[in-house]
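When a ligand or atom number is given, it counts from 1 through the structure's own listing order.
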Amino acid sequence: MDQIIVKTHAKINLTLDVVGKREDGYHDLCMVMQSVSLHDRVMLKKTKEEGISLSTNLPYLPINRNNIAYKAAELFFSATGIPSQGLSIHMEKHIPVAAGLAGGSSNGAGVLFGLNRLFDAALSPQELRQLGLKLGADVPFSLLGGTALAEGVGEILTPLAPMPNCHLLLVKPRCSVSTPKVFGKLNLKEVHYHPDTSGMLQGLESKDLSEIAHRMYNVLETVTGKDYPEIGRIEEKMLSYGALGSIMSGSGPTVFGVFQQKSQAESAFRHFRRRYRDTFLCTPSNLGIHSK
Ligand code: C5P
C-alpha cells in the first residue's frame, strides 16, 4: 500500500465540566463527546523524496511542525522506530479552525491512524490513543469517535449509547478562540453551576432526545460567552427556530443546536448561512477515524 485516505470527524461536547486543576496546569474534565458527520480528509502518500511534506486547501495554516498533522507524523516515526521516510500529507479541511470542534486534533488522530496502516506498524487502538494524547487532549477521543464519556484531561474514555438520530446545526461566529486562554481565564471558585452528567447519560441510555438537549451544558461557556455575547444570541436564535437545546462546543466559539425536525433545522440553516460562512448542517456520527 502506497497511500491511504482517512476521514477525520469533528466533535461537539454535549456536556463539558471542569472538575479540577492539576499541577501541570491542565484541567481535569468530565465531558460527553459526540462525533458529527462534518469531516476533513487526510491523504497520506509514500514518496521518493526525503522528509515530510504537508499541504492543505487553507493557505493560512502552517505546513511545518506547528501543524499537529506534521507533529503526528514525526511522533509516529520516533515512537515506532520506523525510519522517517518520504511522506506527503495533504489535508482537505472542512472543519473550521480554532472553533471548539477538535478539527486539528482529528487531523492528528487521522495521521497516526493512517500511518499505522500505511507502514504496517500494528499499533493497537489503545497504543494509538496513548500516542495521540501526546499531541493533545482531544486526540484520543478523535481516534475512538462515536459517543463517549471523556475524563482525566480527556484521555479516560468510556463508550456510551449512541446519540439518537437528529439534525445538528453548527454555527461558528467569526472570532477564533485560543483554548489555553479560555482555560487560563476560568476561575473554578466562580463556577457555581455544573452539568448534570449522569442525567445526560440517562438521556442517552433511554434515547430521549429532548432529555439530552435539556441536559446540555458547557462550563467553558461562562468564559467564552462573556467575551463574545454573540454566542448567546446565536443560541437564542436557534431555539426560536425550534432547536431542543443549543450550547457552545469545547472552548468555543462554535455554537450547535439539536433539532428533531429536519425542516426546522433547514430553515435555521438558511438563516445563519446568510450571516456566517461557517454554518453546517450535520448529524451525529458513530464513526471514529476510518479510511475510505
Ligand atoms: O491538549 P490541547 O493541546 O488540546 O490543549 C490546549 C490547551 O488547553 C492546553 O495547553 C491547556 O492550556 C488547556 N487544557 C487544559 N485542560 C485540558 C485540556 C486542555 O487546561 N484537559
Checking heavy atoms under 4.0 Å, the part of Phe183 that sits near ligand 1 is side chain
Proximity of Leu29 to ligand 1 by residue part, where a heavy atom lies under 4.0 Å
side chain
Answer yes when Lys7 and Asp40 have at least one side-chain N-carboxylate O distance shorter than 4.0 Å, and no when they do not.
no
Salt bridge or not for Asp2 and Lys45, using N-O below 4.0 Å?
no
Tell me yes or no: between the side chains of [X] and [Y], is some donor less than 3.5 Å from an acceptor?
X: Asn66; Y: Lys71; value: no
X: Asp17; Y: His194; value: yes
X: Glu221; Y: Tyr228; value: no

Ligand-side contact atoms (ligand 1) for residue partner Val153, heavy atom cut-off under 4.0 Å:
21 (N)
Selection from Asp28, Thr179, Ile68, Leu16 by shortest heavy-atom distance to atom 8 (O) of ligand 1:
Thr179
Close approach, Gly25 and ligand 1, non-hydrogen under 4.0 angstrom
yes
Whether Phe76 and Phe119 hold their rings parallel, tilted or perpendicular, with breakpoints at 30° and 60°
tilted
What class does the angle between the rings of Tyr241 and His271 fall in, given that below 30° is parallel, 30 to 60° is tilted and above 60° is perpendicular?
tilted
Can you pull out the closest protein heavy atom to [atom]? Residue, atom name and distance to 0.1 Å, please.
atom: atom 12 (O) of ligand 1; answer: Pro180 CA, 3.6 Å
atom: atom 5 (O) of ligand 1; answer: Tyr26 OH, 3.7 Å
atom: atom 21 (N) of ligand 1; answer: His27 O, 2.9 Å

Regarding ligand 1, does Ser105 bring an N or O atom to under 3.5 Å of one of the ligand's N or O atoms?
no
Taking distance alone, with N or O pairs closer than 3.5 Å, would you say Ala137 contacts ligand 1?
yes
